[in-house]
Amino acid sequence: MTTYSNSTERLVTFHVGAMSRELALAGIEQFGGETAFNDVAMSIVENGFDIDVDGYCTEEDFEDFFTNNKQDILSFITKTARKLHFSCSFDMIAGLESMNGMLTMEEVAVALYDDDSENRSQVARAVTLLVGESLAYAYERQAEFDRNRSAVSA
């Protein structure tokens with residue numbers, strides 16, 4: 001069992017919003033573990049996902065992450081789509097920048113639920129990147145909270 005720093009424990013407990021603690025920790029591990037994720041998170045916040053994740057994730061890794069966390073991911077994307085006022089989670093995923101408008105929401109729906117879908121790899125990559133990006137912004141919110149708390153106590 002991996003032990004995490006107090007900072008990461010606070011992140012996955014208080015700052016991840018619609019994401020489950022289990023999915024948040026799996027996402028951190030997916031992007032290289034706690035130390036590496038701190039660097040990845042700052043790059044995502046500063047540059048968006050215009051970074052090279054190949055050092056952290058292969059196509060097989062994306063699919064494994066999706067398969068191993070499918071229920072938590074489906075719950076997360078459903079809650080996130082509602083919060084962002086999308087008609088449904090399939091529409092939200094189809095509109096992600098990492099999807100480049102290549103799939104319809106119907107094709108996304110099939111890929112999410114059919115393990116043999118020809119689009120499964122593309123959708124697995126998109127939702128894994130969505131988890132990473134959401135974690136990165138949660139990391140940034142936590143850093144801002146910590147900075148504000150330090151300023152008040154100084």
Tell me if a side-chain donor or acceptor on [X] pairs with a main-chain N or O of [Y] at a distance below 3.5 Å.
| X | Y | value |
| --- | --- | --- |
| S75 | Q71 | no |
| D114 | V110 | no |
| Q30 | T128 | no |
| T8 | Y4 | no |

List the atom of [X], the atom of [Y], and the distance in Å for their closest heavy-atom pair.
| X | Y | result |
| --- | --- | --- |
| M92 | I77 | CE-O, 3.5 Å |
| A36 | F31 | CB-O, 3.9 Å |
| F76 | S134 | CZ-OG, 3.3 Å |
| S89 | A81 | CA-CB, 3.6 Å |
| A94 | T104 | CB-C, 4.1 Å |
| V131 | M19 | O-CE, 3.8 Å |

With a 4.5 Å heavy-atom cut-off, do [X] and [Y] have their side chains touching?
| X | Y | result |
| --- | --- | --- |
| E9 | R21 | yes |
| I28 | L11 | yes |
| M99 | V123 | yes |
| I93 | L112 | yes |

Parallel, tilted or perpendicular: rings of Y113 and F90 (30°, 60°):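 Rings of F90 and Y113: perpendicular, over 60°.
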
Step-by-step side-chain contact (heavy atoms from CB on, under 4.5 Å) determination, F65 to L23: CA-CA 10 Å; F65 180 79; L23 181 58; 3.7 Å; yes

Using 0.5 Å steps for rounding, measure from the [atom1] atom of [X] to the [atom2] atom of [Y].
| X | Y | atom1 | atom2 | result |
| --- | --- | --- | --- | --- |
| R10 | S5 | CZ | OG | 8.0 Å |
| E63 | E59 | CD | CD | 7.5 Å |
| D61 | R125 | CG | CZ | 11.5 Å |
| I73 | T78 | CD1 | OG1 | 11.5 Å |

Between [Y] and [X], does any NZ, NE, NH1 or NH2 come within less than 4.0 Å of an OD or OE carboxylate oxygen?
| X | Y | result |
| --- | --- | --- |
| E107 | R120 | no |
| E144 | R149 | no |
| R141 | D146 | no |

In one Ile/Leu/Val/Met/Phe/Trp/Tyr side-chain cluster, 4.5 Å: L84, L130: yes

